Amino acid sequence: MTTPPFSRTFSVRRYGPDLGVWGRLTARDSVVRKLDWILLLSCLVLSLMGSVLIFSATRNRTELNKGDEYFFFVHHLLNTAIGMALAAGTIWLGHRTLRGAVPILFGLSVVLAMLVLTPLGATINGSRSWLAIPGGFSLQPAEFTKITITLGMAMILAARVDAGDRPHPDHRTVFQALGLAAIPVAVILLMPDLGSVMVLGAIILGVLLSSGCSNRWILGLLGTGVVGCLAIWQLGLLDAYQIARFAAFANPSLDPAGVGYNTNQARIAIGGGGLTGSGLFHGSQTTGQFVPEQQTDFIFTVAGEELGFLGAGLIILLLGVVLWRACRIARETGELYGTIVAAGIIAWFAFQAFENIGMTLGIMPVTGLPLPFVSYGGTSMFAVWIAIGLLQSIRVQRPVSASR
């Protein structure tokens with residue numbers, strides 16, 4: 001008889017029938033007891049806060065909610081539920097089991113990203129980064145590449161180290177890992193989705209830093225990134241709207257009614273919130289629909305205006321807790337593969353949250369990246385919850401000697 005994945009992955013001891021379901025769930029070595037509940041609850045609270053903020057931003061937007069003020073609210077909760085189910089499935093399979101399927105998963109994510117460049121792709125807000133799905137749904141494949149590029153690089157960099165052949169990845173191994181990462185980066189650049197490329201760059205850097213490779217690779221990667229940015233700019237590979245966004249970032253007073261409109265309205269909304277905010281559902285900027293894309297890219301402005309510094313600070317605090325628990329998982333795992341995967345997720349969440357919040361404050365360029373767990377968007381919600389499932393799996397499967 002084939003051993004089911006759950007038993008093979010978690011090595012749970014056989015319980016007698018007298019313990020019952022509750023006894024098996026709460027036993028000392030059960031999976032439930034091994035989960036990082038602080039991490040899980042922090043992510044859940046962020047998602048629930050997001051649903052309330054999204055409701056405030058869209059309840060009066062009849063052109064968006066199709067006449068149903070609860071449309072985005074319900075869908076965000078549904079996306080959260082599906083995301084949590086995907087996280088549970090990831091924990092059940094385990095990151096070690098998924099390690100063997102990485103080549104297939106990586107290939108699928110690249111194929112999906114390439115389909116965006118075909119007639120199946122859809123352009124939203126100037127970026128052709130969406131895949132049209134029958135039934136009126138859309139998918140953003142770049143979100144899944146954040147997962148597979150982390151798993152793929154971790155698999156290559158940790159293979160010989162975890163086997164005991166080497167103390168750290170050699171130059172050839174690092175070159176192979178970077179070659180693998182270059183494939184999805186090149187495809188996403190063709191869309192072009194500059195925001196996702198920036199996140200992938202942060203993931204690659206986080207993965208290399210945690211792998212123990214030579215510092216020359218880190219310096220070389222940073223230098224290549226600078227040269228690449230200059231080359232993209234000089235060769236005119238950016239679309240006009242992307243150039244305009246960077247120009248508005250460099251000069252906030254440039255075209256305040258045009259390309260600088262989003263950032264200016266976002267800063268007005270956040271600045272008007274003060275310490276405690278104007279009250280939920282009472283923000284003038286939000287109610288007046290002055291901030292575009294407020295349920296997605298600029299969801300933080302709703303928190304800043306209606307919940308004030310305290311409410312917006314709570315979101316930042318919860319994101320900090322998520323990063324803290326992820327760092328603890330990365331530190332305590334007894335294998336390089338788990339450490340690298342956790343580090344890639346940390347770099348992903350940290351950079352994306354900083355970029356999203358930073359662009360609403362005017363300290364970062366507008367790139368169209370969602371705020372993890374909080375912004376509306378099915379694909380992004382699914383991706384971040386799968387990442388949480390990977391973190392939980394790394395924690396559950398860590399050696400007993402590494403547990404605290």
Side-chain angles (χ1 to χ4, degrees), residues 43-87 122-127 129-144 195 261-262 265-266 269-270 273 277-307 311-312 314-315 318-319 352-353 356-357 359-360 366-386 388:
C43 296
L44 181 57
V45 172
L46 282 170
S47 295
L48 294 178
M49 288 185 66
S51 65
V52 177
L53 298 175
I54 288 168
F55 175 67
S56 178
T58 60
R59 61 195 178 93
N60 295 323
R61 302 292 294 268
T62 55
E63 76 282 6
L64 295 177
N65 60 30
K66 304 175 183 179
D68 180 6
E69 64 178 359
Y70 294 101
F71 178 84
F72 286 94
F73 175 77
V74 172
H75 278 73
H76 186 78
L77 291 178
L78 180 60
N79 290 336
T80 300
I82 296 174
M84 294 183 69
L86 291 172
T123 301
I124 300 177
N125 295 330
S127 177
S129 56
W130 299 84
L131 191 62
I133 299 177
F137 297 98
S138 59
L139 188 72
Q140 193 173 12
E143 292 294 332
F144 294 128
Y261 178 81
N262 290 17
Q265 295 301 320
I270 294 176
S278 57
L280 199 58
F281 312 133
H282 291 90
S284 58
Q285 291 290 107
T286 300
T287 304
Q289 305 175 16
F290 290 105
V291 184
E293 307 299 331
Q294 202 169 16
Q295 75 278 11
T296 53
D297 302 342
F298 288 91
I299 190 65
F300 190 74
T301 62
V302 185
E305 181 181 31
E306 299 187 346
L307 303 179
L314 177 60
I315 291 178
L318 289 171
L319 288 169
Q352 188 160 318
N356 178 275
I357 295 174
M359 72 182 185
T360 64
V366 176
T367 57
L369 289 173
L371 185 59
F373 303 102
V374 184
S375 293
Y376 179 81
T379 313
S380 60
M381 182 67 79
F382 302 158
V384 293
W385 275 105
I386 291 173
I388 294 300

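Here, residue 1 is the first one in the sequence, and each next residue gets the next number. Values in this document were obtained by computation on a predicted structure and should not be read as measured data.
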Open item on the list: If I compare all heavy atoms of Val45 with all of Leu318, which pair ends up nearest, and what's the gap?
Closed with: CG1-CD1, 3.6 Å
Task: Non-hydrogen side-chain atoms of Glu305 and Val302 separated by less than 4.5 Å - done: no
- [ ] Answer yes if the ring centres of His75 and Phe71 are under 6.0 angstrom apart, and no otherwise.
- [x] yes
Open item on the list: Do Glu306 and Ser56 pair up side chain to side chain, a donor and an acceptor below 3.5 Å, judged on atom types alone?
Closed with: yes
Open item on the list: To the nearest 0.5 Å, what is the distance between CG on Asn60 and CD on Gln289?
Closed with: 6.5 Å
- [ ] Specify the closest pair of heavy atoms between Phe298 and Pro292, including all atoms of both residues, with the distance to one decimal.
- [x] CD1-O, 3.5 Å
Open item on the list: Test your reading of the model: is there a side-chain donor-acceptor pair from His76 to the backbone of Val52, 3.5 Å cut-off?
Closed with: no
- [ ] May I ask you to check whether Thr58 and Gln295 show a side-chain donor-acceptor distance below 3.5 Å?
- [x] no
Task: Mutual orientation of the aromatic rings belonging to Phe373 and Trp385 [parallel < 30°, tilted 30-60°, perpendicular > 60°] - done: perpendicular
Open item on the list: Could you tell me if the side chain of Met381 sits less than 4.5 Å from the side chain of Ile82, heavy atoms only?
Closed with: no
- [ ] Compare every heavy atom of Thr287 with every heavy atom of Arg59, then report the nearest pair and how far apart it is.
- [x] NH2-OG1, 4.4 Å
Open item on the list: Looking at every heavy atom in both Ser129 and Pro141, which two are closest together, and how far apart are they?
Closed with: O-CD, 3.7 Å
- [ ] Check whether any side-chain heavy atom of Pro370 lies under 4.5 Å from a side-chain heavy atom of Glu143, and answer yes or no.
- [x] yes
Task: Residue pair Met359 / Asp297, side-chain heavy-atom distance below 4.5 Å - done: yes
Open item on the list: On a heavy-atom basis, which atom in Ile388 and which in Cys43 lie closest, and how many Å separate them?
Closed with: CD1-SG, 3.5 Å
Open item on the list: Does Gln265 form a side-chain contact (heavy atoms from CB on, under 4.5 Å) with Thr301? I'd like the steps, not just the answer.
Closed with: CA-CA 9 Å; Gln265 295 301 320; Thr301 62; over 6 Å; no
- [ ] Flag the pair Leu53 / Ile315 as yes when at least one side-chain heavy-atom distance between them is below 4.5 Å, and no otherwise.
- [x] yes
Open item on the list: Is the distance from the ring center of Phe281 to that of Phe55 below 6.0 Å?
Closed with: yes
Task: Nearest-0.5 Å distance, CG of residue Asn79 to OG1 of residue Thr379 - done: 8.5 Å
Task: Donor-acceptor pair between Gln140 and Ser380 side chains, under 3.5 angstrom - done: no
TODO: Could you tell me the separation between the CG atom of Asn356 and the OG1 atom of Thr360, rounded to the nearest 0.5 Å?
DONE: 6.5 Å
Open item on the list: So Phe73 and Ile54, do their side chains get closer than 4.5 Å, heavy atoms only?
Closed with: no
Task: Atom pair CD1 (Ile299) and CD (Glu293), whose distance is rounded to the nearest 0.5 Å - done: 11.5 Å
Task: Nearest non-hydrogen partners of Pro372 and Val384, listed with the distance - done: CB-CG1, 4.3 Å
- [ ] Take Leu319 and Leu46 through the test side-chain contact (heavy atoms from CB on, under 4.5 Å) and record every step on the way to the result.
- [x] CA-CA 8 Å; Leu319 288 169; Leu46 282 170; 3.7 Å; yes
